[in-house]
2 protein chains.
Amino acid sequence: MKKPYDTWVDFRVSPEGCPKEYMLALNDALNVFTGKWKLHVIGALTTGKKRFSEIERFIPDINPRMLSKELKELEVNGIVSRTVYDTLPVTVEYELTRSGREIRPVFDAMIRWGLEHRKTNIKKKR
Amino acid sequence: MKKPYDTWVDFRVSPEGCPKEYMLALNDALNVFTGKWKLHVIGALTTGKKRFSEIERFIPDINPRMLSKELKELEVNGIVSRTVYDTLPVTVEYELTRSGREIRPVFDAMIRWGLEHRKTNIKKKR
DNA sequence: CAGGATCCCGCCGGATACTG
DNA sequence: CAGTATCCGGCGGGATCCTG
């Protein structure tokens, strides 16, 4: 993945200018949402820890391959934790980490903006 | 573009549950960021209105096709406004709309989360 | 100057089948 | 149950060239 951010210091989000680490942080946040299902998975887990098949049932139209992929990425990114219980057959539980739980303010900000945006924009598309 | 959100009412971001319009709003917000360059373009325009080639120079490694595409999408989505002046040759200025300018709190929330997230996660990747 | 037209490739994500 | 393996199409996005 290309990161033009590294050389792109002049990007400004705040009036004082946006240092490189801010861009990295922004990028991190964006990476959490990339992919078609990541948001759904996080959403499913905000109602509490769940097992693989539970999440699968919770999210219509997702297939195991995708769910597996997304969960793995979220785990690597420290958003979701995976716990294996050696029952028979194995039980695996997924849960939001602290970071995962703290994404909510971001969602809230996005929703707040989105709602306002929708009000002022008569949706022509879709 | 598939929108599983429409049938997916059980997604919860807030404890009270997340109504469908919230999901749509969240989705709207996400659509603003999708694409490799959209964020850069918004960033470039936060420092004020700019012409096509100015934005091009502002963002390293972007090519005209991409810039054109992103600007068009942002315009359709009501984030950016396009003004044509009939000089010779034509001059075109791009500017953030009100909605576009008001994205900043969202960015701020993302950055705040991202910074916190980075602190607790010793980056193993990259 | 401000893009459009074409070509092309990687990879995201869907479908289906299989396993410890 | 909790995933892999494999195959495959679409499209996001790069490079290059062209135009009103």
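Lettering of chains follows the sequences in order, A, B, ..., and the numbering in each one begins at 1.
- For the pair Ile59(B) CD1 and dG13(D) C1', the interatomic distance rounds to 15 Å; values are reported in whole Å.
- Salt bridge absent: Arg57(A) and Glu54(A) never bring a charged side-chain N and a carboxylate O closer than 4.0 Å.
- Tyr85(B) and Tyr94(B) fall into different hydrophobic clusters, where Ile, Leu, Val, Met, Phe, Trp and Tyr residues are linked whenever their side-chain heavy atoms come under 4.5 Å apart, directly or through other members.
- The closest side-chain heavy-atom distance from Leu67(A) to Trp37(A) is not below 4.5 Å.
- Under 4.0 Å is where a charged nitrogen must lie from a carboxylate oxygen, and between Lys72(B) and Glu75(B) no such pair does.
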Check against side-chain contact (heavy atoms from CB on, under 4.5 Å), Phe52(A) and Val92(A): CA-CA 7 Å; Phe52(A) 190 89; Val92(A) 182; 5.5 Å; no

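- Nucleotide dG13(C) holds its C1' atom 20 Å from the CZ atom of Phe33(A), rounded to whole Å.
- For the pair Leu96(B) and Ile42(B), the tightest heavy-atom approach, listed with the atom from each and the gap, is CD1-O, 4.1 Å.
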If the sugar-phosphate is the primed atoms plus P, OP1 and OP2 and the base is the rest, what is the B/S/- string for nucleotides 1-6 of chain C, using protein heavy atoms under 4.0 Å? SSBSBB

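- Closest heavy-atom contact between Ser81(B) and Thr97(B): N-CG2, 3.8 Å.
- We find that CD of Glu70(B) is positioned 9 Å from C1' of dG13(D), with the value rounded to whole Å.
- Over its full length, the helix from dC1(C)-dG20(D) to dG20(C)-dC1(D) turns its helical axis through 50°, comparing axes from the five pairs at each end and rounding to 10°.
- When the C1' atom of dC11(D) is taken as reference, atom NZ of Lys36(B) falls 15 Å away, rounded to whole Å.
- When rounded to the nearest whole Å, the span between CG of Asn63(A) and C1' of dT6(D) equals 13 Å.
- Atom CG in Asp86(A) sits about 19 Å away from atom P in dG20(C), given to the nearest Å.
- Each of Arg118(B), Lys119(B), His117(B) was compared with Ser99(A) under the side-chain hydrogen bond (donor to acceptor under 3.5 Å, both in side chains) criterion, and only His117(B) meets it.
- Distance Ile62(A) CD1 to dC12(C) C1': 13 Å, rounded to the nearest Å.
- Across all non-hydrogen atoms, the minimal contact from Pro105(B) to Ala109(A) is O-CB, 4.4 Å.
- Between Trp37(B) and dG14(D) there is a side-chain polar atom (N or O) within less than 4.0 angstrom of OP1 or OP2.
- For the pair Leu67(B) CG and dG12(D) C1', the computed distance is 16 Å after rounding to whole Å.
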